[in-house]
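So the structure is just underneath, and the comments pick up after that.
What you see is a predicted model, and the numbers here were worked out from it, not measured in a lab.
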Amino acid sequence: LTHFQGKRVSVPVPLTHTLSRDEALQRYIEEDEALPIQNAAWNKLYKKELIAPFRYPEHKLYEDMVVTTKVIAASDKVAFVDTPLYHYIIDRGGSIMNRGVNPRIISDQIPAYREKSAFLQSIGKHHLADTHDYLVLKKLLVLYTETFRQADGKQLRRALKEEMATYQNGAERIYNCSIADPHQTLRMKLFFLHPALYNAFTAINNGVLHRIRGIA
């Protein structure tokens, strides 16, 4: 129990998981739902000497995913607390997360993905770089599909298509990463084989799912 504004309130005792650097990095890159470390800077506490060498660039979005990767890689161990002790508003109408597919994804987010992958390669974590690229390609496919619902989607869709094409040469490595899902891999292969066919498949698939949900 603790006191807040003169009242006694119950605060749950947090459960802490201590991870080695390699385990934390793997769980972070694989986006493990059991211990969701996440990219965000706001849900972490760092030792001053650990974070000091890394700077968050000004006027740039999505920079936290690169800095978080570098900080974890520089750590000896990471403690994960699975109780919410800080609350952050994530549903602001004007936030970057609520603007749909926008040009900043092309100018800031995708370059951050590439920098993160390049860093993993540079420290010898090639398997994690492949896993990261697999998840990036999966996200880009989702964004690509979302552009069909936007008035300005055509230009963004073209840009996303060009970005995804750069992953094609390493596709076989991506398909063989540790968390690859056969269904998702098939979608990736279909997109690279014939984007128009992928579009038709997605439209039919989404239509069927909507009808099933409506009946349910």
Lys139 atom NZ, over 12 foreign heavy atoms within 6.0 Å: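 Buried by this count: over 12 neighbours within 6.0 Å.
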
Can you confirm whether Gln155 is buried at CD, in the sense that more than 12 heavy atoms of other residues, nucleotides or ligands lie under 6.0 Å from that atom?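 At most 12 heavy atoms, drawn from other residues, nucleotides or ligands, come within 6.0 Å of this atom.
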
Taking the side chain as every heavy atom from C-beta outward, state whether [X] and [Y] have any atom pair closer than 4.5 Å.
| X | Y | answer |
| --- | --- | --- |
| Leu140 | Thr145 | no |
| Gln121 | His126 | yes |
| Tyr62 | Pro111 | no |
| Tyr28 | Met65 | yes |
| Ile29 | Lys116 | yes |
| Ser75 | Val71 | yes |
| Val78 | Thr18 | no |
| Thr185 | Lys189 | yes |

When you measure from the side chain of [X] to the backbone N and O of [Y], does any donor-acceptor pair fall under 3.5 Å?
| X | Y | answer |
| --- | --- | --- |
| Lys125 | Ala73 | no |
| Lys44 | Ile37 | yes |
| Glu63 | Ala112 | no |
| Arg173 | Asp130 | no |
| Ser20 | Glu23 | yes |
| Thr131 | His127 | yes |

Applying side-chain contact (heavy atoms from CB on, under 4.5 Å), run through Val101 and Leu160 and close with a yes or a no. CA-CA 10 Å; Val101 183; Leu160 285 169; 4.2 Å; yes

To the nearest 0.5 angstrom, please state how far the [atom1] atom of [X] sits from the [atom2] atom of [Y].
| X | Y | atom1 | atom2 | value |
| --- | --- | --- | --- | --- |
| Glu172 | Asn176 | CD | CG | 6.5 Å |
| Leu197 | Leu190 | CG | CG | 4.5 Å |
| Thr68 | Asn43 | OG1 | CG | 8.0 Å |
| Leu143 | Leu156 | CG | CG | 9.5 Å |
| Gln38 | Asp32 | CD | CG | 11.5 Å |

Considering non-hydrogen atoms only, spot the tightest contact between [X] and [Y] and give its length.
| X | Y | value |
| --- | --- | --- |
| Asp64 | Ala41 | OD2-N, 3.9 Å |
| Thr16 | Ala79 | CG2-CB, 3.9 Å |
| Ala165 | Phe192 | CA-CE2, 4.4 Å |

With side-chain contact (heavy atoms from CB on, under 4.5 Å) as the test, would you mind laying out the steps for His17 and Leu35 before giving the verdict? CA-CA 9 Å; His17 305 268; Leu35 296 177; 3.6 Å; yes

If the threshold is 4.0 Å, N to carboxylate O, is there a salt bridge linking [X] and [Y]?
| X | Y | value |
| --- | --- | --- |
| Arg157 | Glu146 | no |
| Arg158 | Glu163 | no |
| Glu33 | Arg27 | no |

I'd like to check the side chain to side chain contact (heavy atoms under 4.5 Å, CB included) partners of Gln184; sequence neighbours left out, ordered by chain and number.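 In terms of side chain to side chain contact (heavy atoms under 4.5 Å, CB included), with neighbours along the sequence ignored, Gln184 is linked to Tyr134, Lys138, Leu141, Asp181, Arg187, Met188.
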
Please identify each residue that fulfils ring-ring contact (aromatic ring centres under 6.0 Å, His included) with Tyr113, with sequence neighbours left out.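 Tyr113: ring-ring contact (aromatic ring centres under 6.0 Å, His included) contacts with His132.
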
Using ring-ring contact (aromatic ring centres under 6.0 Å, His included) as the criterion, list what pairs up with Tyr144, not counting sequence neighbours.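 Expected list: Phe148, Phe191.
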
Before you tell me yes or no, could you show the steps for Lys70 and Glu115 under salt bridge (charged side-chain N to carboxylate O under 4.0 Å, His left out), namely the whole-Å CA-CA distance, both residues' side-chain angles and the distance that decides it to 0.1 Å? CA-CA 11 Å; Lys70 292 181 177 180; Glu115 185 178 351; 3.7 Å; yes

Check: Ser117/Asp133 side-chain N/O donor and acceptor closer than 3.5 Å: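 There is such a pair between these side chains.
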
Can Thr69 and Asn39 be said to form a side-chain contact (heavy atoms from CB on, under 4.5 Å), step by step? CA-CA 8 Å; Thr69 307; Asn39 291 314; 5.6 Å; no

